[in-house]
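Values reported hereafter were calculated over all heavy atoms of this structure, with side chains retained and with hydrogens, waters and symmetry mates removed. In the text below, chain A, chain B and the rest are named by the order of the sequence lines, each starting its count at 1.
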2 protein chains.
Amino acid sequence: MLDEKDKSALHDFLLREGLKFSAQRLKVLEVVRRGARHLTAGEIYKHTQAKYPGIGYATIYRTLRLLCQAGLCVELKCEDGVCRYEYAGGAVHHDHLICTKCGRIVEVVDPEIERLQERLFKVNGFLPQRHRMELYGICNRCKK
Amino acid sequence: MLDEKDKSALHDFLLREGLKFSAQRLKVLEVVRRGARHLTAGEIYKHTQAKYPGIGYATIYRTLRLLCQAGLCVELKCEDGVCRYEYAGGAVHHDHLICTKCGRIVEVVDPEIERLQERLFKVNGFLPQRHRMELYGICNRCKK
DNA sequence: TGATATCTTGATAATGATTCTCAAGTTCAA
DNA sequence: TTGAACTTGAGAATCATTATCAAGATATCA
């Protein structure tokens, strides 16, 4: 099940871009929206298969790119070279704290850092678009 | 030509890890040390070929990983999915401001942000190891 | 409602960076 | 000098992601 808000956000985006609606696109959004955070494309593929048997890998990738463009999804490039995706519809931006032992990912936000980042953009004459901040360390469970 | 300091840093690391010295490893370090910033493995391969004809791709990758472990080199995961490498021996840590139009990379440092990042680690019970911060935007040359 | 142009899809091949394999070559401590 | 252990180069293998393309779905306009 998907909020009407998500569905219409997708619809609006497609309309705006001259693209078309499809059941596959809706299902992928649903999986990203309801599934765990930080899913890989492969995991999203498997989960979507359950709701829409027969969907292809290419469609998963295409749709994920689309959802990112629509601002409904965010792509996270991980250390292992595999991308992970998470729902971002109306969510607050956040960064990631990643344990290098167990791979646990903690989401963090620091408005102060965000502000300083904006300043760095400005000082260097850049028009800000987005950023990625990943902090790697050893989490308290793995420390001992 | 390579500073004695770099050479002995490599030597020390190899000794400490029970590994062996080789001309190839020295040449790769030299290329990373003297070459432009943000070289891809492919570029490092080509440049090293000039100094050490016959060197293989596998050796380049293996050596880059080694140099990263030794702290002489830093790997930068770029948006295009290709890793870039830069010398890091005794250098000050810095982050990257990347133009999404022309690909230009500007190095930036912000001690304030560094401090806040440390705090995020601590607050979440993580032992800090390293971080990656990449700011994406459009540079002043591409803006108009 | 139907025709049509355009967009999407799924299967599969292709790509491309990185890693693995293994026999032959090097290094270095004793 | 010798030998165990580490490295190397060539090329095959991996694996995530993209491209291709014919067949299918969608939406627009009459």
Side-chain angles (χ1 to χ4, degrees), chain A residues 7-8 10-32 38-70 73 75-85, chain B residues 7-8 10-29 31-32 38-70 73 75-85 103:
Chain A
K7 197 166 167 180
S8 69
L10 175 60
H11 241 124
D12 291 354
F13 174 78
L14 293 174
L15 209 62
R16 210 179 319 132
E17 300 288 321
L19 302 174
K20 292 175 180 172
F21 185 82
S22 78
Q24 289 92 326
R25 288 176 174 173
L26 195 60
K27 292 300 172 192
V28 174
L29 173 55
E30 213 170 302
V31 166
V32 171
H38 314 118
L39 293 173
T40 64
E43 289 163 345
I44 292 170
Y45 171 74
K46 280 193 215 109
H47 293 175
T48 309
Q49 274 281 340
K51 300 186 171 210
Y52 196 99
I55 195 165
Y57 246 107
T59 301
I60 297 294
Y61 278 104
R62 279 186 293 236
T63 305
L64 287 171
R65 200 182 330 162
L66 196 80
L67 294 179
C68 287
Q69 284 165 11
C73 179
E75 184 190 80
L76 172 65
K77 300 240 176 196
C78 286
E79 283 254 299
D80 57 8
V82 184
C83 293
R84 276 149 229 276
Y85 299 86
Chain B
K7 198 167 167 180
S8 69
L10 175 59
H11 241 122
D12 290 354
F13 173 77
L14 293 174
L15 210 61
R16 210 180 320 133
E17 300 287 322
L19 303 175
K20 291 174 180 173
F21 185 81
S22 78
Q24 289 93 326
R25 288 176 175 172
L26 195 61
K27 292 301 173 194
V28 173
L29 173 55
V31 167
V32 170
H38 315 120
L39 293 173
T40 64
E43 288 162 346
I44 292 170
Y45 170 74
K46 280 193 214 110
H47 293 175
T48 308
Q49 274 281 340
K51 300 187 172 212
Y52 196 100
I55 196 166
Y57 247 107
T59 301
I60 297 294
Y61 277 105
R62 281 187 291 235
T63 305
L64 287 172
R65 202 185 324 163
L66 196 79
L67 294 178
C68 287
Q69 283 165 11
C73 178
E75 184 191 79
L76 172 65
K77 300 241 175 197
C78 287
E79 283 253 301
D80 57 8
V82 184
C83 293
R84 276 150 229 276
Y85 299 86

- Message: I'd like to compare against my own output: the B/S/- annotation of nucleotides 22-30 of chain D with a strict under-4.0 Å heavy-atom distance to protein.
- Response: ----BS---
- Reading nucleotides 13-19 of chain D 5' to 3', which nucleotides get B (base under 4.0 Å from a protein heavy atom), which S (sugar-phosphate only), which -? ---SSBB
Donor-acceptor pairs are to be reported for all side-chain atoms of residues 10-18 of chain A against protein atoms at under 3.5 Å, with residues two or more places apart or in another chain.
none

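Among the heavy atoms of the strands, none lies under 4.0 Å from B:Y45.
In this structure, B:L64 and B:V28 have side chains that are in contact, with non-hydrogen atoms separated by less than 4.5 Å. Contact annotation: the side chain of B:T63 never approaches that of B:V32 to less than 4.5 Å [non-hydrogen atoms, C-beta and beyond].
Over its full length, the helix from C:dT1-D:dA30 to C:dA30-D:dT1 turns its helical axis through 30°, comparing axes from the five pairs at each end and rounding to 10°.
If you take CD1 on A:I60 and CD on A:Q49, they are separated by 8.0 Å, rounding to the nearest 0.5 Å. Taken from CD1 in B:I55 to CD in B:Q24, the straight-line distance is 5.5 Å, to the nearest 0.5 Å. To the nearest 0.5 angstrom, B:T48 atom OG1 is 10.5 Å from B:Y57 atom OH. One distance of note links OH of A:Y85 with CD of A:E43; it measures 12.0 Å at 0.5 Å rounding. One finds the CD1 atom of A:I44 at 10.5 Å from the CZ atom of A:R84 (value rounded to the nearest 0.5 Å).
Heavy-atom contacts of chain B under 4.0 Å fall on DNA chain C between two terminal nucleotides, which in 5' to 3' order are C:dA17 to C:dC28.
Listed here is the closest heavy atom pair of B:P53 and B:A50: CD-O, 4.5 Å.
A:R25 places no side-chain N or O within donor-acceptor distance of the main-chain N or O of A:L67, the cut-off being under 3.5 Å.
By the side-chain contact (heavy atoms from CB on, under 4.5 Å) test, B:S8 pairs with no residue at all, sequence neighbours left out.
Note: CD (B:E17) to C1' (D:dA5) measures 15 Å, nearest angstrom.
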